[in-house]
Amino acid sequence: MQTLSLEYTAGAPAAQRALAGVVGSGDLEVLLEPGVSGQTTVAIATSVDGVDEIWKAVIDRIFTEEGLAAYKVEINDFGATPAVVRLRIAQAMEQTTGDAAHD
Amino acid sequence: MTDVADLLERQSIVELPARARCQALLDSAGQRELLGPFERLRSPWLPKQDIVTQADDGVVIMRGTLGGQAVVMAAVEPAFQGGSMGEVGGAKIAGALACALADAENGTPVVPILLLETGGVRLQEANCGLAAIAEIHDLIVALRAYVPVIGVVTGPVGCFGGMSIAAGLCSELIVTREARLGLNGPQVIEQEAGVDEFDSRDRPMIWSLLGGEQRVTTGLAEHRVADDIAALRRLLGERVKADVQTPARLAATERFENLLAAIDPAAKATGESTREQFAATGATS
């Protein structure tokens with residue numbers, strides 16, 4: 001198991017919290033909560049060691065986008081591929097805006 | 001022939017994660033998750049063993065109604081650590097059942113429904129998980145005097161180990177054809193007794209002995225249901241309002257003792273031979 005912490009500049013705190021995914025094989029759990037104004041923090045625990053650069057690249061691409069709300073993000077990963085990581089985070093973010101609720 | 005239109009319209013239970021199962025089965029209004037993922041009651045033991053935790057420890061507890069009847073649903077997440085019961089997840093179920101028992105004693109019955117998709121105790125948590133499972137057993141027996149305690153096994157994991165005893169203690173057990181129910185799982189039996197005794201890769205053989213169909217035929221489960229949310233919801237809606245009864249399989253101790261005495265352990269069991277033995281000793285309800 002390996003843990004990583006990342007930080008990004010962001011806007012106002014997100015409107016609500018949301019959860020997507022489970023800690024199952026090839027999947028991950030994303031917990032999104034409103035962050036402190038202006039800052040998004042991402043805490044990752046992953047079962048796969050030695051892939052910090054890939055994680056940083058994937059998470060950077062999502063949270064360096066302009067105009068995002070501030071989130072406190074927790075990720076519990078069980079070997080998800082970058083595509084699954086992106087999809088699960090997008091799924092959770094969609095729920096925080098209240099547009100839709102999926103599982 | 002399979003009715004294709006029916007198959008396409010069906011919403012599978014097996015394919016849903018634990019939380020979505022609860023949300024789909026309970027009445028949509030008034031659902032309330034207890035000790036949800038944001039409480040972060042996670043396993044204290046897994047990180048010490050370098051294993052990633054899940055924020056709800058793989059157990060979802062949800063209060064609500066089903067067809068208007070107050071229920072508390074506990075669902076084990078099959079994808080997280082093989083649906084294993086750790087100290088925290090087990091305590092969540094035991095706590096929910098303890099609350100239901102207090103409600104029943106106070107004259108405001110809440111029917112417990114357990115969605116058991118579990119390989120049994122989480123080996124990394126050993127005795128702490130087993131202690132929680134023992135509490136669950138104790139509470140199911142206590143609750144049975146007041147309300148029907150309904151167990152559901154749908155698959156894909158099935159229900160094994162100490163939690164198969166919990167399933168066996170329920171007033172009513174509902175299974176799908178995809179479900180499996182047994183004290184030891186196929187790989188454990190193969191590892192302990194050898195591949196000649198039990199080939200854990202022989203899927204038709206496994207389901208013929210441990211599968212939902214066989215368990216209903218031999219009276220170890222009461223109801224068979226399709227892998228279909230609407231069908232399970234209908235059946236649960238009916239059963240939560242049923243009178244409290246001791247099921248035949250829990251009253252038939254002597255018949256099961258006769259059955260055990262009649263079985264020759266040297267003879268290779270098949271689905272058919274087992275059904276015949278159950279029928280011959282009258283152990284089938």
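Reminder, nothing fancy here: chain letters follow the sequence lines and each chain counts from 1.
Salt-bridge check for B:Asp6 with B:Arg10: passed, with a basic side-chain N closer than 4.0 Å to an acidic carboxylate O. Taking a cutoff of 4.0 Å between a charged side-chain nitrogen and a carboxylate oxygen, B:Glu125 and B:Arg122 qualify as a salt bridge. Ionic pairing of B:Arg19 and B:Asp56 is present here: one or more N-O contacts between side-chain nitrogen and carboxylate oxygen are shorter than 4.0 angstrom. By the 4.0 Å N-to-carboxylate-O rule, A:Glu29 lies too far from B:Arg42 to be salt-bridged with it. The pair A:Lys72-A:Glu33 counts as a salt bridge, with a side-chain nitrogen and a carboxylate oxygen less than 4.0 angstrom apart.
Contact of A:Thr46 with chain B is made through the backbone alone, with heavy-atom distances under 4.5 Å. Within the 4.5 angstrom heavy-atom criterion, only side-chain atoms of A:Glu74, from C-beta onward, approach chain B. If you measure heavy-atom distances from A:Asp27 to chain B, you find no contacts under 4.5 Å at all. If you measure heavy-atom distances from B:Gln54 to chain A, the contacts under 4.5 Å come from both the backbone and the side chain. Only the backbone of A:Leu32 comes within contact range of chain B, judged by heavy atoms closer than 4.5 Å. Neither the backbone nor the side chain of B:Arg21 comes within contact range of chain A, judged by heavy atoms closer than 4.5 Å.
Contacts with chain A were tallied for B:Ala55, B:Ala18, B:Pro47; B:Ala55 has the most, counting heavy-atom pairs under 4.5 Å.
Cation-pi contact between B:Arg180 and B:Trp207: present, with separation from the ring centre below 6.0 Å and deviation from the ring axis of at most 45°.
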